[in-house]
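Structure first, commentary second.
What you see below is based on every heavy atom in this structure, not just the backbone, and it leaves out hydrogens, waters and symmetry mates. Throughout, protein chains are lettered first and strands after them, A, B, ... in sequence-line order, and every chain is numbered starting at 1.
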2 protein chains.
Amino acid sequence: MSATSAKSARPRRSHAQARAEMREGILRVGGELLEKDGPAGLSVREIARGLDVASSAIYRHVSSRDDLLTLLLEDAFTDLADRVDAALADASTQGGAGKAALAALAGAMRGWAIEQPQRWALVYGSPVPGYAAPAERTTGPGTRVMARFMEILVGGESASGSSVQEGAPSGGPGSVLASAPGEGYSAVLAAGAGELGVDASPALVAASVLAWTGLVGLISAQLFGQLGADIAPHGDEMLAQWVDVTARAFALR
Amino acid sequence: MSATSAKSARPRRSHAQARAEMREGILRVGGELLEKDGPAGLSVREIARGLDVASSAIYRHVSSRDDLLTLLLEDAFTDLADRVDAALADASTQGGAGKAALAALAGAMRGWAIEQPQRWALVYGSPVPGYAAPAERTTGPGTRVMARFMEILVGGESASGSSVQEGAPSGGPGSVLASAPGEGYSAVLAAGAGELGVDASPALVAASVLAWTGLVGLISAQLFGQLGADIAPHGDEMLAQWVDVTARAFALR
DNA sequence: GCAATTCTGTGAGCACTGCTCTTGTTTTTC
DNA sequence: GAAAAACAAGAGCAGTGCTCACAGAATTGC
């Protein structure tokens with residue numbers, strides 16, 4: 001037994017530094033544990049061990065396990081949104097818009113999901129039971145990706161006056177547009193589109209929402225193995241087909 | 001303290017009866033707890049308390065907590081499939097086929113999901129971490145609903161020789177059919193369709209799979225509140241729109 | 001510059017969990 | 001009826017989230 005005790009003496013650091021380091025450490029170790037064992041396997045004590053600290057110390061920085069989950073949720077949302085933004089920026093330099101942008105977004109989402117399935121599950125999977133993510137802390141980063149998605153489908157940023165040709169896909173066989181949404185639903189859609197900075201008819205927004213839930217559902221189904229093990233190797237192709245169909249339905253090129 | 005001890009004397013019953021009663025009780029109380037607290041909140045001890053029995057007794061009938069989850073998963077799958085079948089049978093008496101059948105199936109799924117969100121999460125949500133549902137015990141009941149779905153979209157039972165008019169939706173703008181699936185993917189699709197008792201071209205099967213994940217994704221998004229609280233009251237309408245669009249894409253009427 | 005205060009981290013402890021193992025009782029089998 | 005098999009009880013282990021009184025270090029006020 002050496003003179004230095006088992007618990008190595010912590011270096012002198014300011015409270016601000018301590019806060020930052022602890023927070024970063026919790027996020028890092030917590031993220032690793034989350035990816036390894038999933039939300040249910042996430043343990044405050046295990047994080048404390050990973051940081052070589054008493055478990056009670058964690059509670060100085062995180063009020064509860066749920067709070068910890070919220071932290072990781074925010075982190076995951078932001079990480080995903082950053083990744084999608086990067087992919088879109090990349091595609092955009094190559095003159096990518098319309099279908100190319102859609103493919104870039106979908107590919108980035110799926111890639112991120114495959115690399116960190118547990119994070120994806122935390123974000124778009126079933127909510128951790130008994131725990132409702134506080135909306136005010138998650139809707140912000142949570143809607144970033146969806147906003148991008150809508151922009152693409154609806155045909156560009158609202159700034160440019162290039163209105164979508166809503167005449168083309170409207171009622172004909174194979175159109176994405178169902179019957180016009182009712183009054184109340186239209187109002188909600190308009191409000192939502194406004195928050196996302198998207199300008200389009202309620203019918204088009206409604207169709208985009210369906211497309212969005214379809215994309216998320218597709219990725220989730222692949223990730224969670226709901227379609228059987230045999231189909232797993234063809235996830236790329238499935239996604240490509242989804243992009244094809246969706247781009248065609250929304251008249252993207 | 002009365003003569004009858006706190007733990008009421010169990011009635012004399014045969015081992016077979018005991019097994020059946022216990023299993024039924026575990027399923028019942030477990031189901032209630034699952035619906036109340038979600039998978040993570042499911043506790044063997046709590047079930048034991050609910051049955052007024054020692055916790056260790058549960059392990060005579062269930063080998064582990066994961067096994068318990070599998071049991072509840074099977075139960076949920078079967079329950080959902082029964083419900084969907086009933087709805088389809090009901091629709092069928094009214095001459096319901098094609099779009100009407102699709103609407104009945106989708107409505108039954110969503111209705112079931114809303115009544116028992118935790119069960120839905122167990123079935124189609126993110127898998128419980130660290131727990132992989134044993135495929136051999138879940139794929140059976142798990143594919144029943146999907147088989148019905150495919151039958152409807154692909155245009156009737158394989159017995160009747162009425163082949164789908166695959167000419168109509170093939171390539172034109174707004175078609176559900178993307179480019180033809182590659183060789184490997186086609187093989188997997190064909191095999192899957194065979195298991196489900198569905199006969200259709202790989203391209204049509206591929207499109208049906210996308211539609212399936214879309215439906216599941218839509219219901220999950222509604223249930224898990226991924227689209228914000230405001231949109232929740234319009235779930236019916238969203239689903240109706242999804243039915244509209246999908247029926248049109250697959251040329252159902 | 002030094003005391004008072006505030007903040008960080010400790011370790012014991014409570015109530016809970018899944019699960020195992022030994023013990024006693026009851027039903028089935030021969 | 002005796003032997004064997006199955007069932008259930010209860011204690012106990014290792015783990016969990018979380019709280020609380022306490023010790024030491026950093027910050028603040030004068």
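Atom pair B:His61:NE2 and D:dC7:P shows a separation of 6 Å (rounding to whole Å applied). Taking atom OH of A:Tyr59 as the reference point, atom P of D:dC22 lies 22 Å away to the nearest angstrom. Distance A:Glu21 CD to D:dA26 C1': 14 Å, rounded to the nearest Å.
With DNA chain C read from its 5' end, the first of the two nearest nucleotides for B:Ser43 and B:Ala16 is the one closest to B:Ser43. Both B:Ala18 and B:Ser55 lie close to DNA chain D; mapped to their nearest nucleotides by heavy-atom distance, the more 5′-ward contact belongs to B:Ala18.
The side chain of A:Met22 sits closest to C:dG9 out of C:dG9, C:dT17, D:dA9. Which of D:dA26, D:dT16, D:dA21 sits closest to the side chain of A:Ser14 comes down to D:dA26. Side-chain proximity of A:Arg60 to D:dA21, C:dT20, D:dA9: nearest is D:dA21. Comparing D:dG17, D:dC7, C:dG18 by their closest approach to the side chain of B:Arg19 singles out D:dC7. Comparing atom distances between the B:Ala57 side chain and each of D:dT16, C:dC19, D:dA9 picks out D:dA9 as nearest. You'll find that the side chain of A:His15 is closest to C:dC7, out of D:dG17, C:dC7, C:dG9.
Not a single donor-acceptor pair, N or O on each side, falls under 3.5 Å between the base of C:dG9 and the side chain of A:Ser56. Counting atom types as modelled, B:Arg65 pairs no side-chain N or O with a base atom of C:dG18 as donor and acceptor under 3.5 Å. You'll find a donor-acceptor pair under 3.5 Å spanning the side chain of A:Arg45 and the base of D:dG17, going by distance alone.
Looking at every heavy atom in both residues, A:Met146 comes nearest to B:Leu227 through CE-CD2, 3.9 Å.
Look at A:Arg49 and you'll find a side-chain N or O under 4.0 angstrom from OP1 or OP2 of D:dT16.
A:Ser220 and A:Trp120 share a donor-acceptor pair across their side chains, judged by distance under 3.5 Å alone.
Here A:Leu42 lies in heavy-atom contact (under 4.0 Å) with sugar-phosphate atoms only.
Within a 6.0 Å sphere centred on CZ of B:Arg28, other residues, nucleotides and ligands contribute more than 12 heavy atoms.
Results of the side chain to side chain contact (heavy atoms under 4.5 Å, CB included) test with A:Met150 over A:Val205, A:Thr143, A:Val145 single out A:Val205 as the only residue that passes.
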